There are 2 protein chains.
Amino acid sequence: MSERRARRTAPTSHDVARLAGVSQSTVSYVMSGKRSISAETRERVMAAIEQLTYQPNAGARALRGRTTHVIALMVRLGERADPRDTVPYIDTIVEAARERDYDVVLITTDEGPDGLKRMAGRQNCDAFILMDVAARDERIATAAALDLPVVLIGTPADRAGLDAVDYDAVAAAEALVDELADTGHTHAVVLGETGGVVPGEYWFLSAFHDACRDRAAARGLAFDAVHPDRPGWAGVDAAAPRLLAHRGERLGLIARTPQAAEWLLQLTRLHGLRPGADVSVVGVCSDAAAAAFDPPVTNVSAQARDVSRKAVDLLFERLGGSETEPGLHLIAPGELHRRATTAVFS
Amino acid sequence: MSERRARRTAPTSHDVARLAGVSQSTVSYVMSGKRSISAETRERVMAAIEQLTYQPNAGARALRGRTTHVIALMVRLGERADPRDTVPYIDTIVEAARERDYDVVLITTDEGPDGLKRMAGRQNCDAFILMDVAARDERIATAAALDLPVVLIGTPADRAGLDAVDYDAVAAAEALVDELADTGHTHAVVLGETGGVVPGEYWFLSAFHDACRDRAAARGLAFDAVHPDRPGWAGVDAAAPRLLAHRGERLGLIARTPQAAEWLLQLTRLHGLRPGADVSVVGVCSDAAAAAFDPPVTNVSAQARDVSRKAVDLLFERLGGSETEPGLHLIAPGELHRRATTAVFS
DNA sequence: ATGAAAGCGCTAACAG
DNA sequence: CTGTTAGCGCTTTCAT
C-alpha cells in the first residue's frame with residue numbers, strides 16, 4: 001500500500017540542479033538569463049524544471065534579491081465608495097501588474113498611514129499605488145517618506161514630490177458643456193454629489209463643477225449646480241423642481257457618474273420628458289455603460305483603465321530606476337460620443 | 001552638510017539585539033513569545049524595537065518559518081461580474097484577514113487553475129479563498145490537489161473534499177414567497193437573470209428560482225419566472241408584458257439582487273403601479289440598500305459579510321491544523337424586513 | 001532564562 | 001561557459 005507522505009515538500013533549485021547534473025547557481029542563471037548558458041545545458045535544466053514542476057520560492061527570492069514582486073494597492077472598499085467606480089481600476093492594476101509577473105496585495109484606506117509603514121517596514125512589497133486620494137490626505141506625507149516608489153491616483157493639494165495620475169475632469173466637463181452649446185442649448189444643470197461629500201474634499205469634484213460653470217459662462221449658457229441634500233435617488237427626486245426648473249427651455253443635464261446619468265434618465269422619464277427630444281442628458285461614463293443605457297447616453301469616457309495603466313507604467317519606470325522629475329499626469333477623456341440623449345435644437 | 005544616505009537599509013533583529021545588549025535569538029523570542037523572558041530583558045528589547053522602529057522582514061520569515069502570512073483571494077473582476085455584489089465580500093475578507101495579521105493577495109479568475117499553481121508553487125501564500133465558484137469549476141480539482149487550505153465561496157456540484165460557504169438561497173426564496181403568501185397575494189413572479197447567464201452555471205441561481213417555484217406551489221400562488229433575453233434595463237423593459245401580465249390581480253414581484261429590485265421599482269412606476277399598494281416588490285438585498293430605495297423595499301438580507309467571515313474563520317481553523325470533516329456551510333438570510341413595498345391584501 | 005549556531009532557498013560576486 | 005561560496009534575516013534546535 002503506497003502511503004502518501006503527509007506533506008510533500010516543494011522541489012528546490014538544488015533538486016533541479018542534481019537532476020540536471022549542474023550546479024545550483026546554473027539553475028538560477030538559467031531562470032534569470034543573467035549570463036550566457038550553452039544551449040545543451042539550458043535544455044537539460046529546463047527539462048528538469050519541467051519534470052519537477054519547479055517554481056522558485058518567493059520568500060527566498062525576496063530575502064536574497066530584496067525584491068518581493070509585489071505591489072501594494074491601497075483602496076477604499078467600505079460603504080463610502082461606489083464599487084462600480086473602483087473595481088475597474090483594481091481590475092486593470094492587477095492585470096497590468098501580472099503582465100510583469102507582479103502580484104497585488106490589497107489593503108484598505110482604513111489602515112491609513114500605518115498600513116503603508118507596515119507593508120514597507122516588513123518589506124512586504126516593492127511599491128505602492130494609493131487610490132481615493134483626497135485633496136488633503138494624511139497618507140501622502142508618510143508615503144513620500146517611504147523610500148519606495150509610490151504612485152497616487154487622484155490629485156492632492158500637495159503631491160509631496162510623488163507621481164500622480166488622474167482623469168482630466170476639466171477636459172471632460174468642457175467637452176460635455178460644449179456638446180450642449182453646439183446643439184443649441186440655453187441652460188446647463190449639473191447634478192452634484194448626493195452623499196455627505198464635503199465639497200473640496202476631492203479635487204475632481206470641485207474641478208468638474210467649476211469647469212462646467214466656467215465653460216457654460218464662456219459659451220453663454222445659463223448654469224446651475226444642484227447638490228441634493230439627501231443621499232441616493234430620494235435626494236435626486238426631491239431636487240427635481242430645481243433640476244428641471246428650466247424644462248420649458250433648451251435644457252441639458254450633466255452627470256458626472258453613471259449613477260447620476262441613470263438617476264437623471266429616471267427623473268426625466270418620471271416627469272414626462274423625453275431625453276434626446278425635450279431635454280438632453282450627457283455625462284461621464286464608460287462607453288460600454290453609456291451604450292447600455294436605455295436610451296444610450298451621450299458621454300465622454302471615464303478612462304478608468306487608461307488611468308490605471310498609466311499608474312502602473314509609472315510605477316514600473318520608478319522600479320526600473322527612472323529618476324525623472326515626478327509629476328501629475330492627466331489622462332484625457334475619450335472623444336465625446338453623441339448618442340440618443342442629445343437633443344439637437346435648430 | 002549632512003549627506004543623506006541614498007537608501008537607508010532597514011534595521012534587522014540583529015541591530016535590535018546589539019542595541020538591547022542581548023543575543024539575536026532573544027529578540028526573536030521576545031517577538032514570538034515562544035519562551036519565557038525576564039521582564040527586564042523584554043523591556044530593553046521592546047525599547048530597542050521601538051527606537052529603531054524595527055519590523056521583521058517578511059521574506060526571511062517566510063523562508064525560515066514556511067508561513068507567508070498571506071492568503072490569496074481569487075475573484076472575478078471583469079465585465080461579467082457586478083462589482084456591487086463582490087466588493088462587500090472582498091472588503092470583509094481583507095478586514096478579517098488583517099485582524100489575524102494576514103494580508104490578502106488579489107488574483108482574478110482569469111488566471112484560472114494556473115494562478116493557483118503559481119501562488120502555491122512559489123509559496124506566495126498560505127491558503128486560498130475562491131469566489132464565483134460555478135457549478136462545474138475547473139479550479140476546484142487543482143485547488144484540492146494543492147495541499148494548502150482552501151475555502152470556496154459558492155456551491156459547486158463537486159466540492160472535491162474542500163470547505164465551502166454559501167448563502168442559503170433556498171431559505172431566502174422561501175422567506176420572500178412566504179411574505180407574499182402571508183399578505184394575501186395570488187401571483188408571484190421572479191425576475192430572472194438578465195445577462196447571457198447559462199441557467200445551472202451557478203447553483204444559487206437555479207436553487208433560488210426552483211425554491212421560489214416550489215414554495216409558490218406549496219402556498220397556492222400562481223408563479224412565473226421571467227428571464228429577459230437582453231441584458232440590462234432594456235431587457236427588463238422589454239419583458240414588461242410578461243412581468244406585469246397579472247397586474248390586475250394580487251401580484252408580487254421577486255428580485256434576487258438589488259439591481260433587480262431597482263429595475264422592478266422603475267418598471268412598476270413607469271407603468272403607473274404603486275409598489276406597496278397595487279403591487280409588491282420583495283427581494284434579496286442588504287438591509288442598508290433596501291432601506292435606501294425609494295420607497296424602501298421589503299427584503300431578506302444578502303449576508304455577504306457573514307458568508308465572508310465564515311469563510312475566513314474556516315480557513316484559519318484549517319491553518320490552525322483542524323482536521324474536521326470539510327463541509328458545505330450555508331449562511332441563513334437575516335430576518336425578513338417588511339418595508340414600504342409590501343402590499344397587504346385583506 | 002539566555003546564547004550560539006545551523007540553515008531555510010535563493011542571488012550574485014568571485015574564480016576559474 | 002560553468003562551479004564554488006558567501007550571505008540575505010529570520011526561527012529553532014542544542015547547549016548551558
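Protein chains get the first letters and strands the later ones, always in sequence-line order, with residue 1 at the start of each. None of these values were measured; they are calculated from a predicted model. Any value given below was found using the heavy atoms of this structure, including those in side chains, with hydrogens, waters and symmetry copies removed.
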Regarding the side chain of B:R35, the nearest nucleotide among C:dA13, D:dG9, C:dG3 is C:dG3

So, does B:S13 get its side chain near the phosphate of D:dC10, meaning an N or O under 4.0 Å from OP1 or OP2? yes

Using only modelled atom types and a 3.5 angstrom limit, is any donor from either the side chain of B:T41 or the base of C:dA1 paired with an acceptor on the other? no

Regarding the side chain of B:T26, the nearest nucleotide among D:dC10, D:dT5, C:dT2 is C:dT2

Which class fits the ring pair A:F316 and A:Y102: parallel under 30°, tilted 30 to 60°, perpendicular over 60°? perpendicular

Ion pair check, A:D126 and A:R66, cut-off under 4.0 Å: no

B:H14 NE2 to D:dC10 P, straight-line distance once rounded to whole Å: 11 Å

Looking only at side-chain N and O atoms, does A:Y29 come under 4.0 Å of OP1 or OP2 in D:dT4? no

Quick one: label A:L63 by what it contacts on the DNA or RNA (base, sugar-phosphate, nothing), any heavy atom closer than 4.0 Å. base

Pairing of A:D101 and B:R122 as salt bridge, 4.0 angstrom limit: yes

Nearest-Å distance for atom pair CD1/C1', residues B:I37 and D:dT11: 14 Å

Measure the distance from CZ on B:R44 to P on C:dA1 and round it to the nearest whole Å. 15 Å

Any A:K34 side-chain nitrogen or oxygen under 4.0 Å from OP1 or OP2 of C:dA12: yes

Could you check whether B:R18 pairs with B:D15 (Lys NZ or Arg NE/NH1/NH2 to Asp/Glu carboxylate O, under 4.0 Å)? yes

Please determine whether a side-chain nitrogen or oxygen atom of A:S25 lies at a distance below 4.0 Å from atom OP1 or OP2 of D:dG3. no

Salt bridge or not for A:R318 and A:E323, using N-O below 4.0 Å? no

Between C:dT11 and A:R61, is there an OP1 or OP2 to side-chain N/O distance shorter than 4.0 Å? yes

Using whole Å, report how far OH of A:Y54 lies from C1' of C:dG9. 7 Å

Between P of D:dC10 and CD of B:Q24, the distance in whole Å: 7 Å

Whole-Å distance, B:N57 CG to C:dC8 P, equals 18 Å

Measuring from the side chain of A:R64 (C-beta onward, heavy atoms only), which nucleotide among D:dT2, C:dA12, D:dG3 has the closest atom? C:dA12

Phosphate oxygens OP1/OP2 of C:dT11: is one of them under 4.0 Å from a side-chain N or O of A:S28? yes

Testing C:dT2, D:dG9, C:dC10 for proximity to the side chain of B:S38, the answer is C:dT2

Taking 4.0 angstrom as the limit, do A:E325 and A:R159 come out as a salt bridge? no

Determine: side-chain N/O of B:S23 to OP1/OP2 of C:dG3, distance under 4.0 Å, yes or no. yes

Taking OP1 and OP2 of C:dG9, is either one under 4.0 Å from a side-chain nitrogen or oxygen of B:R122? no

A:R100/A:D313 ion pair, N-O < 4.0 Å: yes

Lys/Arg N to Asp/Glu carboxylate O, A:R136 vs A:D158, below 4.0 Å: no

Rounding to a whole Å, what distance do you find between A:Q123:CD and D:dC8:P? 13 Å

Please report the distance, rounded to the nearest Å, between CZ in A:R66 and C1' in C:dA12. 12 Å

At how many degrees, to 10°, do the end axes of the helix from C:dA1-D:dT16 to C:dG16-D:dC1 meet when each uses five pairs? 40°

